[in-house]
Amino acid sequence: MRMRGLYAITPEVDDTALLCAKVAAALEGGVAAIQYRNKHAPASVRETQAFALARLHAARGALYIVNDDPALAANVGADGVHIGEDDASIVSARELLGPERIIGVSCYNDFVRAQAAVDAGADYVAFGSFFASPTKPDARRADIALLQRARALDVPIVAIGGIDADNARVVIDAGADAVAVIQAVFGHGDPADVKAAAEAIVASMTMRSPRRTS
């Protein structure tokens with residue numbers, strides 16, 4: 001299962017019913033992958049929400065990735081896990097998840113880290129932040145040329161950081177297979193607006209770029 005298209009990362013919401021309603025709307029809007037991310041909720045809440053999204057995933061499809069926690073990903077039957085530089089190692093994640101599930105790795109602005117991740121068995125790598133991000137205003141910034149260089153890694157490339165309907169096509173044209181988005185999809189109170197936001201980003205990603213003239 002290749003990582004491609006709109007990759008929506010959940011906001012930190014304690015209301016599980018609201019979270020599921022927003023994720024369902026995002027899936028209806030064309031999201032190809034969902035990452036469950038909640039770094040601050042108690043373990044019991046995270047487990048409840050991860051299982052709830054697993055049930056939604058089973059009914060609606062799309063890839064389902066759990067952030068940071070390989071054990072939780074394995075427990076809820078997710079398609080895989082996404083890990084950062086302070087999380088579990090790829091080797092330990094693979095031991096928990098087995099050979100068939102997906103391991104994605106945050107590589108920030110570091111091609112060498114991405115190369116090492118792929119050598120260790122990562123199934124996709126993520127770079128960013130490419131644009132100013134309200135979620136992580138102090139995030140390391142990545143040069144867009146990094147996306148084309150990363151094509152040599154021969155795994156799916158995810159771009160993240162401040163991406164919305166206005167700039168998603170920029171990173172796709174530069175070499176990204178998928179765009180990871182939080183605020184531009186889930187930063188709406190009404191699930192109907194979440195769906196519309198997802199649709200707008202998906203449409204922008206599939207538009208042809210303007211032909212250059214000399």
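Taking the side chain to side chain donor-acceptor pair (under 3.5 Å) definition, one finds that N75 meets it with E47, sequence neighbours left out. Residues meeting the side-chain contact (heavy atoms from CB on, under 4.5 Å) test with A200, sequence neighbours left out: A165. Residues passing the side-chain contact (heavy atoms from CB on, under 4.5 Å) test with P99: none are found, sequence neighbours excluded. With sequence neighbours excluded, the residues satisfying side-chain contact (heavy atoms from CB on, under 4.5 Å) with V91 are S89, E95. H188 meets the ring-ring contact (aromatic ring centres under 6.0 Å, His included) test with no other residue; sequence neighbours excluded.
In this structure, Q35 contributes its side chain and A180 its backbone to no donor-acceptor pair below 3.5 Å. In this structure, K22 contributes its side chain and P191 its backbone to no donor-acceptor pair below 3.5 Å. Side-chain atoms of S92 do not come within 3.5 Å of backbone N or O of A88 as any donor-acceptor pair. Under a 3.5 Å cut-off, the side chain of R113 and the backbone N or O of S106 do form a donor-acceptor pair. The closest donor-acceptor contact from the side chain of D193 to the backbone of A196 lies at 3.5 Å or more, if one exists at all.
For the atom pair CG of N38 and OG1 of T16, the computed distance is 9.0 Å after rounding to the nearest 0.5 Å. Here the CG-CD1 distance, from L6 to I163, works out to 9.5 Å after rounding to the nearest 0.5 Å. Distance check, rounded to the nearest 0.5 Å: CE of M205 to CG of D173 gives 10.5 Å. Remark: N109 CG to R141 CZ distance equals 11.0 Å, nearest 0.5 Å.
Between Y7 and Y124 there is a side-chain heavy-atom pair separated by less than 4.5 Å. With contacts defined as side-chain heavy-atom distances shorter than 4.5 Å, the pair I65/Y36 does not qualify. Looking only at side-chain heavy atoms (C-beta outward), V81 and I83 come within less than 4.5 Å of each other. In this structure, V179 and I160 have side chains that are not in contact, with every pair of non-hydrogen atoms separated by 4.5 Å or more.
One hydrophobic cluster holds both L146 and F131 under the rule that ILVMFWY side chains link at heavy-atom gaps under 4.5 Å. Under the 4.5 Å side-chain heavy-atom criterion for grouping Ile, Leu, Val, Met, Phe, Trp and Tyr, I103 is not connected to L96 through any hydrophobic cluster. Note: the hydrophobic cluster containing V181 also contains I172 (ILVMFWY, side chain heavy atoms under 4.5 Å, direct or indirect links).
Taking both residues in full, the closest heavy atoms of G162 and N167 are given as O-ND2, 3.1 Å, listed atom of the first, atom of the second, then distance.
Note on ring orientation: taking the six-membered ring where Trp is involved, the planes of H57 and Y64 are tilted (angle from 30° to 60°).
Ionic pairing of E85 and R140 is present here: one or more N-O contacts between side-chain nitrogen and carboxylate oxygen are shorter than 4.0 angstrom. The existence of a salt bridge linking K39 and D69 is excluded, since no basic side-chain nitrogen approaches an acidic carboxylate oxygen closer than 4.0 Å.
Applying salt bridge (charged side-chain N to carboxylate O under 4.0 Å, His left out) to D123 and the options R2, R101, R94 leaves one that passes, R94. Partner of D79 under the side-chain contact (heavy atoms from CB on, under 4.5 Å) criterion, chosen from L63, I34, L97: L63.
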Stepwise side-chain contact (heavy atoms from CB on, under 4.5 Å) check, I201 with V31: CA-CA 9 Å; I201 297 172; V31 164; over 6 Å; no

Listed pairs under 3.5 Å, donor-acceptor, residues 147-159 side chains, sequence neighbours left out:
unit_1: R151; atom_1: NH1; unit_2: G175; atom_2: O; d: 2.7
unit_1: R151; atom_1: NH1; unit_2: D177; atom_2: OD2; d: 2.8

